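Here the structure comes first, spelled out in structure tokens, and everything after it is commentary.
The structure displayed is predicted, hence computed values, not measured ones. Below, read A as the first sequence line, B as the second, and so on, with proteins coming before strands; counting in each chain starts at 1.
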Amino acid sequence: MKYTQLFGKTLRNVHHGVKSEGFAFLLRGGFVRSNGNGLFSFLPLGNRVIRNLKRLIREEIEAIGGLEVSVPLINPIELWHRSGRDRLVGNDMVRFQDRHGHNMVLAPSHEEAFVDLVRMGLRSYRDLPAFMYQFQLKFRDEERIRNGLIRTKEFMMKDAYSFHRSASDLNIFFPKVFAAYERIFKRCGLDVLPAESGVGYMGGEKAFEFLVPSSIGDDLLIECPQCGYRANKSVAMGLKDFHTDTPLELESVDTPGCTSMEELSNFLGVEKHKLAKTMIFKTMSGLVMAVVRGDHEVSKEKLSRFLGELVLEKADKQDVEQLGFVPGYLSPIDLSSSMPLVVDGTVAKSTNLVVGGNEEGVHLKNANFGRDFESPHVADISMIRPENKCLQCGGSLQEIRALELGNIFKLEDFYSRSMGLYFQEENGKKAYPFMGSYGIGIGRLMGAIAEQLHDKRGILWPSELAPYRFFLMGIGKSDTVRQKVDSIYEKFHTDTLLDDRKESPGVKFQDAELLGIPYRIVLSSKRNQEDTVELYNRYTRQSRLVKLEDIEKTMKELQEKEVLPK
RNA sequence: CGGGGUGUAGCCUAGUGGCUAAGGCGCCUGCUUUGGGAGCAGGAGACCGCCGGUUCGAGUCCGGCCACCCCGACCA
């Protein structure tokens, strides 16, 4: 490619709102442009990176048997009725009607569409396993759009779905995808951390995320450096401490204006771990009350897991009042409602907690589980804190901010049962396949690579992802130099960006660094006299002189060899 | 969705209520220059986000709307 024919110029600066350095380089280099909040165009250079990412991912997914297909971005809502997820997903999913008044959605994920596709080809156990993937847009009307490509409304995803005859077949297959994911991220030059994660509205039993530590990530990981335990904070387990005393008598106290744990703790002069926090959540089948200690947060993932159904959100004020509760002073004591009460283990074990009085401005001191309030549902529903110890080895835990790049879910037979996808077993009986689903966000991956792999001058693309492998330029007006440049370009033009601009060498050097092209080849009349060319390595910032007669051979070798910036 | 911030030329910015809205980058023309974002000369490019108000006079003050950016959103 000749630079003069390339669309998308480099920029000297971006406005200071852009906090993410990697994203700033992507903008400055002319890789991407924003077209509105959370919406992006990929320019020729950026699109080449995307293409390379896809090629890399195809190689790894097809190496474990994946077949590439494509299902539509738009789904009839009917599909989502059948799985029941139309009621779980909420406002992330854009719904609309076509001109005939048919209800459609922009798919935020494609489990339903794949189940529907597989239905056409699945009759017998002999048709299993099936493993298919696609690169397809997802649309999620995100409430939290941020950091350029990291969190967008519309994004390309590699999503893969596997269908198995049995749970054990799925269990055998699952680690293969896990290993393929590790290879993919490694080839991208990223040190990812696999971690156990929640399942959200994807459903299913077990899930893992692949995350890269990053300050611009939205996830918190809990890790035990001693034994290697690692999980998303939303599902992480740990040894929680609790305090016990001799139970005292239940006592009412006036607590005007204390509707948060912070206020209550300050007002009473009592540490937060001696308070109990009572909250009401919505689920599809109704409301549920949860009690955790004042210094803890409810994990909706853990609560969902315990209930066996997705916890959607906090109940709103009106719902709470309608049930006869006083917002800010919720109490698990004297529950007249039939709503299930789930009590965190730490609350059940602690003594003399302060709980809401279910009366404006009143709390109750010395509440004790088993005496003042009771429930058969005692479970771990609170998030652990970094100061808690590892459940497996007792070691100290640490909290890591990280960015999720991919995930893998064991969906079991949730979708096949709800959507009626079945096959005939050897014995003639009907059976439902066990499913896995496996995603990687392509744009986010590109953003994460730019974020992780850059220096002051620009991006450091791994060689197999770089838009071009060679940046070729000549210095001076010498005709012989130009001819030699042209002759090299001719042989390597598909993998070379030839900077044929009438710019000073400095400008070209700067842009070559910014674009992160791994090798820069410079010919000049000065060097030309010695019949040598300069070969510069973007990662090491070292250059060496190669004899002109050897340069093509050297370039061929460099084309064959994949290199990471580290 | 909540809080905060910002909207001035393609990009980044300056601009006490007062003349014809300023600078840098980029762009166009010509010449010079060719090893780290070159020099000289000339030139084009702005309904100052939109609507309304205050005022003799608004880019500037007030109100509303819109867009974008940052932060927060489970602690009722």
Side-chain angles (χ1 to χ4, degrees), chain A residues 8-20 23-24 27-28 30 33-39 90-92 141-148 151 216 218 233-234 257-265 272 275-282 287 289-304 311-321 323 325-331 344 356 358 360 381-383 457-458 473-478 481-482 499 501-514 520 522-528 533-534 536 541 543:
Chain A
K9 299 226 165 72
T10 55
L11 304 173
R12 295 239 175 145
N13 42 34
V14 292
H15 67 90
H16 5 267
V18 178
K19 285 273 159 23
S20 150
F23 180 50
L27 289 171
R28 283 184 51 203
R33 280 300 120 84
S34 173
N35 187 30
N37 195 7
L39 302 169
N91 291 334
D92 269 17
D141 195 359
E142 284 274 354
E143 49 186 0
R144 186 192 165 106
I145 289 166
R146 210 133 313 168
N147 285 315
R151 198 171 272 265
I216 60 170
D218 283 330
K233 195 177 182 186
S234 63
C258 294
T259 56
S260 73
M261 289 297 124
E262 194 67 44
E263 290 159 336
L264 184 60
S265 165
K272 282 195 197 165
L275 312 175
K277 180 158 59 183
T278 306
M279 297 169 71
I280 297 176
F281 290 91
K282 285 186 198 168
L287 298 174
M289 179 178 270
V291 188
V292 300
R293 232 168 45 189
D295 57 335
H296 283 150
E297 298 172 23
V298 174
S299 160
K300 285 199 278 185
E301 280 290 343
K302 288 183 177 179
L303 187 55
S304 301
V311 172
L312 299 170
E313 57 194 350
K314 250 175 32 172
D316 35 47
K317 233 171 179 164
Q318 293 91 307
D319 291 342
V320 171
E321 280 166 357
L323 287 167
F325 290 104
V326 180
Y329 295 91
L330 293 186
S331 176
D344 190 60
N358 201 29
E360 187 71 38
I381 57 164
S382 61
M383 292 197 217
R457 299 172 176 79
M473 60 183 273
I475 295 175
K477 282 186 189 163
S478 149
V481 166
R482 211 187 52 235
D499 197 341
R501 293 177 295 178
K502 285 194 196 332
E503 288 287 352
S504 67
V507 172
K508 298 181 181 179
F509 289 146
Q510 297 288 344
D511 281 343
E513 307 270 16
L514 175 62
R520 191 185 72 202
V522 182
L523 279 75
S524 76
S525 43
K526 208 160 68 180
R527 311 287 187 203
N528 191 31
V533 301
E534 177 191 326
Y536 169 89
R541 296 185 47 73
S543 48

Whole Å only: how far is the CG atom of N13(A) from the P atom of rG10(B)? 15 Å

Between C1' of rC74(B) and CD1 of I280(A), the distance in whole Å: 13 Å

Can you spot which of D499(A), V522(A), I475(A) makes a side chain to side chain contact (heavy atoms under 4.5 Å, CB included) with P505(A)? I475(A)

Need the pair for rC50(B). Rule: Watson-Crick or G-U wobble, both distances under 3.5 Å, any strand; none if unpaired. rG64(B)

Exam field: side chain T10(A) to backbone R28(A), donor-acceptor pair closer than 3.5 Å: no

Which part of the nucleic acid, if any, lies within contact of M383(A), taking any heavy atom under 4.0 Å across all strands shown: a base, the sugar-phosphate backbone alone, or nothing? base

NZ/NE/NH1/NH2 to OD/OE distance under 4.0 Å, R144(A) and D218(A): yes

Mind checking N147(A) for me? I need base, sugar-phosphate or nothing, with any heavy atom below 4.0 Å counting as a touch. sugar-phosphate

Start at the 5' end of RNA chain B and walk down; is the nucleotide closest to G294(A) or to I475(A) reached first? I475(A)

Using whole Å, what does the distance between atom P of nucleotide rG10(B) and atom NE2 of H15(A) come to? 16 Å

Under a 3.5 Å limit on both distances, the Watson-Crick or wobble mate of rG42(B) is rC28(B)

If you measure from the C1' atom in rC47(B) to the same atom in rG37(B), how many Å do you get, rounded? 35 Å

Value in whole Å for how far the P atom of rG72(B) lies from CD of E297(A): 13 Å

Could you check how far CG of L312(A) sits from P of rC1(B), rounded to whole Å? 20 Å

Watson-Crick/G-U partner (both atom distances under 3.5 Å) of rA14(B): none

P atoms of rC68(B) and rC27(B), separation to the nearest Å: 29 Å

Checking salt bridge (Lys or Arg N to Asp or Glu O under 4.0 Å) for the pair E313(A)/K300(A): CA distance, chi angles, key distance, verdict? CA-CA 8 Å; E313(A) 57 194 350; K300(A) 285 199 278 185; over 6 Å; no

Can you tell whether the side chains of E534(A) and R520(A) come within less than 4.0 Å, N to carboxylate O? yes

For rU33(B), the Watson-Crick or wobble partner whose two distances fall under 3.5 Å: none

Taking atom types as they are modelled, would you say the side chain of E143(A) forms a donor-acceptor pair with the base of rC1(B) within the 3.5 Å cutoff? no

Output the rounded distance in Å from NZ (K502(A)) to P (rC31(B)). 11 Å

Base partner of rA21(B), which must satisfy Watson-Crick or wobble distances under 3.5 Å: none

Less than 4.5 Å apart, any side-chain heavy atom of F325(A) and any of K317(A)? no

Between rG63(B) and rG3(B), how far is it from one P atom to the other, in whole Å? 15 Å

For the P atoms, the ones on rA14(B) and on rG52(B), what distance do you get once it is rounded to whole angstrom? 28 Å

If you look at every strand shown and take non-hydrogen atoms under 4.0 Å, does V14(A) touch a base, only sugar-phosphate, or nothing? sugar-phosphate

On RNA chain B, nearest-nucleotide positions of S20(A) versus H296(A): which is more 5'? S20(A)

With rounding to whole Å, what would you report as the distance between rC69(B) and rU60(B) at their C1' atoms? 23 Å

Give me the atom names and distance for the closest heavy-atom approach of S382(A) to K302(A). O-NZ, 2.8 Å

P atom, rG24(B) versus rA9(B): distance in rounded Å? 16 Å

Rounded to whole angstrom, note down the P distance from rC70(B) over to rC31(B). 46 Å

Could you give the NZ-to-C1' distance, from K9(A) to rC28(B), as a whole number of Å? 12 Å

For K477(A), report the nucleic acid contact type (base, sugar-phosphate, nothing); a contact means any heavy atom under 4.0 Å. base

Residue list, side-chain hydrogen bond (donor to acceptor under 3.5 Å, both in side chains) with D316(A), at least two apart or on another chain: K282(A)

Return the value, rounded to whole Å, for the distance between atom CG of L303(A) and atom P of rC74(B). 14 Å

Please give the distance between the P atoms of rG15(B) and rC19(B) as a whole number of Å. 16 Å

Please determine whether a side-chain nitrogen or oxygen atom of R146(A) lies at a distance below 4.0 Å from atom OP1 or OP2 of rC70(B). no

Nearest heavy-atom contact between G474(A) and V481(A) is CA-CG1, 4.2 Å

Letter by letter from the 5' end, nucleotides 36-42 of chain B scores (B base, S sugar-phosphate only, - none; protein heavy atoms under 4.0 Å) BBS----

Is there a side-chain polar atom (N or O) of N37(A) under 4.0 Å from OP1 or OP2 of rC69(B)? yes

